[in-house]
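Before any comments, here is the structure.
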Protein chains: 2
Amino acid sequence: MRIPVLIPFKPGNPKTRLSHVMTRNERELFAGAMLADVIKAVEQGGFKPILLSTEPFAYNTVQVRVSTDGLNEAIDTAMSGFAGPAAIIMADCALVTPSSVTRLCQTKAMMGIVPGKGGGTNAIFMQTGNRFKAHYYGQSYRKHCAYAEESGITCEVIDSFRLHIDIDEEEDLVEVFLHNSGEAKRLLQYLGFDLMTTNGRVGIQRNQNNNE
Amino acid sequence: MRIPVLIPFKPGNPKTRLSHVMTRNERELFAGAMLADVIKAVEQGGFKPILLSTEPFAYNTVQVRVSTDGLNEAIDTAMSGFAGPAAIIMADCALVTPSSVTRLCQTKAMMGIVPGKGGGTNAIFMQTGNRFKAHYYGQSYRKHCAYAEESGITCEVIDSFRLHIDIDEEEDLVEVFLHNSGEAKRLLQYLGFDLMTTNGRVGIQRNQNNNE
């Protein structure tokens with residue numbers, strides 16, 4: 001039995017903080033490319049991806065559950081069905097690898113957590129899925145740690161930059177170029193993005209001619 | 001014999017990208033506090049910190065080597081003296097823990113590397129210190145990986161957010177509040193900084209009255 005890994009995903013108008021560098025259509029393609037990379041890493045790690053989508057969506061043979069509830073409610077509903085181990089990984093963790101998922105799910109603690117940049121929660125593992133209660137948004141990392149402590153759930157912070165970095169802002173695209181070798185990087189290249197170095201600082205440039 | 005860990009450090013006018021939220025004196029205190037946390041993690045991991053400073057500096061009983069050379073030259077000179085294992089960790093990796101240093105130095109590859117945000121290099125481990133050649137600045141992560149490949153040096157990327165996050169910008173101070181429990185966090189609190197959440201996004205605020 002493969003351990004289920006929930007991947008919450010919003011197909012429509014995602015990644016709005018990239019609006020100044022990508023059209024809506026491009027952002028939807030990019031979010032889908034990152035999702036494909038996350039799904040692939042989860043599958044190659046030997047886990048079972050389950051998409052938790054805000055609207056109907058199909059991706060190969062991956063199981064999709066559609067929920068129009070809020071993120072916390074949708075996750076709680078899905079996790080309540082797992083009496084054994086289960087995990088949650090965000091769909092924009094484009095740097096994830098099979099071994100980072102494996103490290104998350106091999107924790108000896110009752111809960112494993114990887115904080116995101118700025119206080120969010122990018123990945124959760126629970127030995128007993130239905131003991132989880134989602135507290136996403138805001139300082140969710142602290143809320144999840146506090147929930148574990150109040151509930152007598154031992155918790156280990158998994159030290160992984162591949163699960164710590166989620167792709168939200170233009171500067172994060174640099175990390176995709178450096179540490180992703182899948183669909184997300186290929187799409188950025190197709191759209192004409194590339195790395196540039198100015199005064200020793202690395203950034204992103206876009207060659208509009210590449211995408212005519 | 002403890003494995004030596006070089007910690008390059010610039011005491012004067014450091015962290016200029018924090019100038020809009022800290023005076024020069026405060027930045028010097030903050031850089032010193034982060035350095036203290038890095039030194040402590042290195043020592044608690046069972047390694048031997050060696051400060052590589054741009055000017056005379058004393059920190060407890062830690063060995064200090066002063067070099068007015070550029071960073072690459074100073075590191076190459078120091079590493080050339082190590083025929084066995086040696087490491088380099090940047091002084092602003094304020095989230096580092098003994099176990100993240102240990103994971104770096106336990107790689108089976110000939111070289112271990114932890115990329116920094118934006119293409120830098122935050123940590124290096126070499127089984128044979130004097131085979132290293134420093135290529136800091138710009139896209140140093142790619143340069144170091146390319147150097148290893150050209151030189152027949154096997155290289156493993158160590159997946160650690162604690163070594164991946166260096167503290168350069170205001171937004172990085174959030175990570176110090178969340179994941180540092182030492183001198184750096186204490187100093188920020190002393191200076192009146194605190195976390196704040198606005199519209200679900202976590203940032204930093206400063207209460208000027210706290211530091212009269």
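Sequence lines set the chain letters: A, B, ... in the order given, protein chains first and strands last, and positions in each chain run from 1.
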| request: Output all residues satisfying side-chain contact (heavy atoms from CB on, under 4.5 Å) with A:Cys155, sequence neighbours left out; order by chain, then residue number. | output: A:Met111, A:Ile113, A:Ala148
| task | Go through B:Ile158, B:Leu195, B:Val157 and name the one with the most non-hydrogen pairs under 4.5 angstrom from chain A. | result | B:Leu195
Give the atom names and distances for all donor-acceptor pairs closer than 3.5 Å across chain A and chain B.
residue, atom, partner, partner atom, Å
A:Arg103, NH1, B:Asp159, O, 3.1
A:Arg103, NH1, B:Asp159, OD2, 3.4
A:Gly118, N, B:Glu175, OE2, 2.6
A:Gln139, NE2, B:Thr197, OG1, 3.0
A:Asp159, O, B:Arg103, NH1, 3.1
A:Asp159, OD1, B:Ser160, OG, 3.1
A:Asp159, OD1, B:Phe161, N, 2.8
A:Asp159, OD1, B:Arg162, N, 3.0
A:Asp159, OD2, B:Arg103, NH1, 3.4
A:Asp159, OD2, B:Ser160, OG, 2.8
A:Ser160, OG, B:Asp159, OD1, 3.1
A:Ser160, OG, B:Asp159, OD2, 2.8
A:Phe161, N, B:Asp159, OD1, 2.8
A:Arg162, N, B:Asp159, OD1, 3.0
A:Glu169, OE2, B:Arg201, NH2, 3.4
A:Glu175, OE2, B:Gly118, N, 2.6
A:Thr197, OG1, B:Gln139, NE2, 3.0
A:Arg201, NH2, B:Glu169, OE2, 3.4

| Of all of B:Val114, B:Val202, B:Val174, B:Leu95, which one pairs up most often with chain A through heavy atoms under 4.5 Å apart? | B:Val202
| task | Select one option (side chain, backbone, both, neither) describing which atoms of A:Ile165 are under 4.5 Å from chain B's heavy atoms. | result | side chain
